[in-house]
Amino acid sequence: MLKSLGFKTAERTWFCKSEDDLVAAIAELDKVRHNFPYETDGAVIKLNSFEQQRRVGATAKAPRWAIAYKYAPEQAETKLKAITIQVGRTGALTPVAELEPVFLAGSTISRATLHNEDYIREKDIRIGDTVVIEKAGEVIPAVVSVVLKKRAGGAKNFHFPKTCPECGSKISRSTRGARPVAVRQDLASRNW
């Protein structure tokens with residue numbers, strides 16, 4: 001009806017009468033979604049019956065009769081050429097992976113977040129490694145793992161700088177939220 005009234009509607013929709021129909025529709029959408037003229041990372045599953053909608057109700061944030069099914073994010077392998085430091089407006093230092101460009105989920109990726117110093121250590125990420133990247137939430141590129149079987153003998157550990165790469169001030173480690181971050185010492189004491 002919406003399409004006949006001139007509204008833009010989804011490329012494809014399925015009417016499912018059973019759980020098996022639903023699973024089949026989700027699988028079919030996963031096969032055809034890459035041909036759409038836009039990116040999509042999942043499906044919306046919704047009950048059509050107003051009576052069933054009333055019966056299942058809603059949470060404080062969302063209806064229970066319309067839910068999202070997310071597909072696993074696309075991943076790609078590429079080479080980690082270098083790690084640079086990005087200085088944020090609050091003085092927080094974020095390591096950034098400089099990558100051999102690779103096409104992933106609709107765009108060419110040459111940089112990805114490495115979150116913080118602990119993340120690099122936990123994942124044992126080294127300069128020269130082959131890494132697996134994905135777009136977190138289908139948007140922000142992130143390094144998710146190292147392909148250890150492809151690690152070259154010359155892969156180098158990354159050492160976090162002792163001074164800010166932009167201004168030269170000393171770095172201290174503080175806890176902002178739940179994660180430790182390196183912060184320029186002259187900005188660490190400010191209440192952001």
Side-chain angles (χ1 to χ4, degrees), residues 1-78 80 86 88-90 92 94-97 99 101-116 118-125 130-148 175-181 192:
M1 182 180 95
L2 289 174
K3 196 171 200 168
S4 69
L5 293 171
F7 287 94
K8 288 186 179 181
T9 60
E11 296 278 324
R12 296 283 307 269
T13 58
W14 289 261
F15 181 77
C16 303
K17 292 185 176 187
S18 69
E19 187 178 332
D20 289 340
D21 287 353
L22 184 60
V23 170
I26 289 170
E28 187 179 342
L29 176 60
D30 194 24
K31 290 177 188 167
V32 300
R33 69 188 177 105
H34 302 289
N35 299 323
F36 295 163
Y38 50 83
E39 295 292 317
T40 181
D41 64 351
V44 175
I45 303 163
K46 114 181 193 191
L47 290 172
N48 284 346
S49 162
F50 292 134
E51 176 54 35
Q52 288 177 338
Q53 289 177 10
R54 277 191 290 280
R55 226 179 310 151
V56 296
T59 68
K61 294 183 178 184
R64 288 190 177 107
W65 49 267
I67 61 170
Y69 174 89
K70 297 287 186 181
Y71 294 106
E74 289 182 49
Q75 295 184 331
E77 284 186 13
T78 188
L80 174 61
Q86 182 175 308
R89 67 174 180 77
T90 63
T94 304
V96 176
L99 308 165
V102 62
F103 191 78
L104 174 66
S107 60
T108 300
I109 307 299
S110 59
R111 301 179 87 220
T113 183
L114 290 168
H115 305 290
N116 57 43
D118 291 344
Y119 187 83
I120 294 171
R121 275 200 208 107
E122 287 166 11
K123 302 273 185 189
D124 191 22
I125 298 169
T130 298
V131 294
V132 175
I133 63 168
E134 69 182 29
K135 287 186 178 177
E138 297 281 325
V139 178
I140 301 167
V143 173
V144 293
S145 65
V146 174
V147 183
L148 291 173
T175 302
R176 295 218 174 145
R179 66 183 179 102
V181 292
W192 297 96

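Closest approach of T113 to H115, counting heavy atoms only: OG1-N, 3.0 Å. Here the closest non-hydrogen pair linking C16 and A25 is SG-CB, 3.8 Å. The heavy-atom pair separating E134 from E74 by the smallest distance is CB-O, 3.3 Å. Across E77 and V132, no two heavy atoms sit closer than the pair CG-CG2, 4.1 Å. The two atoms that bring V146 and K123 nearest to each other are CG2-O, 3.6 Å, heavy atoms only. Across every non-hydrogen atom of V102 and A76, the tightest pair is CG2-CB, 3.9 Å.
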Discussion item. As a quick check of understanding, evaluate side-chain contact (heavy atoms from CB on, under 4.5 Å) for H34 and V32, giving each step before the final call.
Written reply: CA-CA 6 Å; H34 302 289; V32 300; over 6 Å; no

Discussion item. side-chain contact (heavy atoms from CB on, under 4.5 Å), that's the test. Do L80 and L99 meet it? Break it down for me.
Written reply: CA-CA 5 Å; L80 174 61; L99 308 165; 4.0 Å; yes

Discussion item. Could you walk me through whether I109 and K135 satisfy the side-chain contact (heavy atoms from CB on, under 4.5 Å) test, starting with their C-alpha distance in whole Å, then the side-chain angles of each, then the deciding distance to 0.1 Å, before giving a yes or no?
Written reply: CA-CA 9 Å; I109 307 299; K135 287 186 178 177; 3.6 Å; yes

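Side chain of Y71 to backbone of A43: no donor-acceptor contact under 3.5 angstrom is found. A donor-acceptor pair under 3.5 Å links the side-chain atoms of Y119 to the main chain of V143, judged by distance alone.
Side-chain contact between P141 and L104 is absent, with no heavy atoms from C-beta onward closer than 4.5 Å. The shortest distance between side-chain heavy atoms of L29 and F36 falls below 4.5 Å. At a threshold of 4.5 Å between non-hydrogen side-chain atoms, the residues T94 and N116 do not count as touching.
From L5, atom CG reaches atom NZ of K3 across 12.5 Å, with rounding to the nearest 0.5 Å.
Taking K70 as the reference, D41 meet the salt bridge (Lys or Arg N to Asp or Glu O under 4.0 Å) condition, with sequence neighbours excluded. Partners of F103 according to the ring pair (Phe, Tyr, Trp, His ring centres under 6.0 Å) rule, which considers only residues two or more places apart in sequence or in another chain, do not exist here. Evaluation of the salt bridge (Lys or Arg N to Asp or Glu O under 4.0 Å) rule for E11 yields no partner, not counting sequence neighbours.
By the 6.0 Å contact criterion, OH on Y38 is enclosed, its count of non-hydrogen atoms from other residues, nucleotides or ligands being greater than 12. Surrounding CD of E51 are more than 12 heavy atoms belonging to other residues, nucleotides or ligands, all under 6.0 Å away.
Between K31 and E28 no salt bridge is recorded (no basic side-chain N to carboxylate O distance below 4.0 Å).
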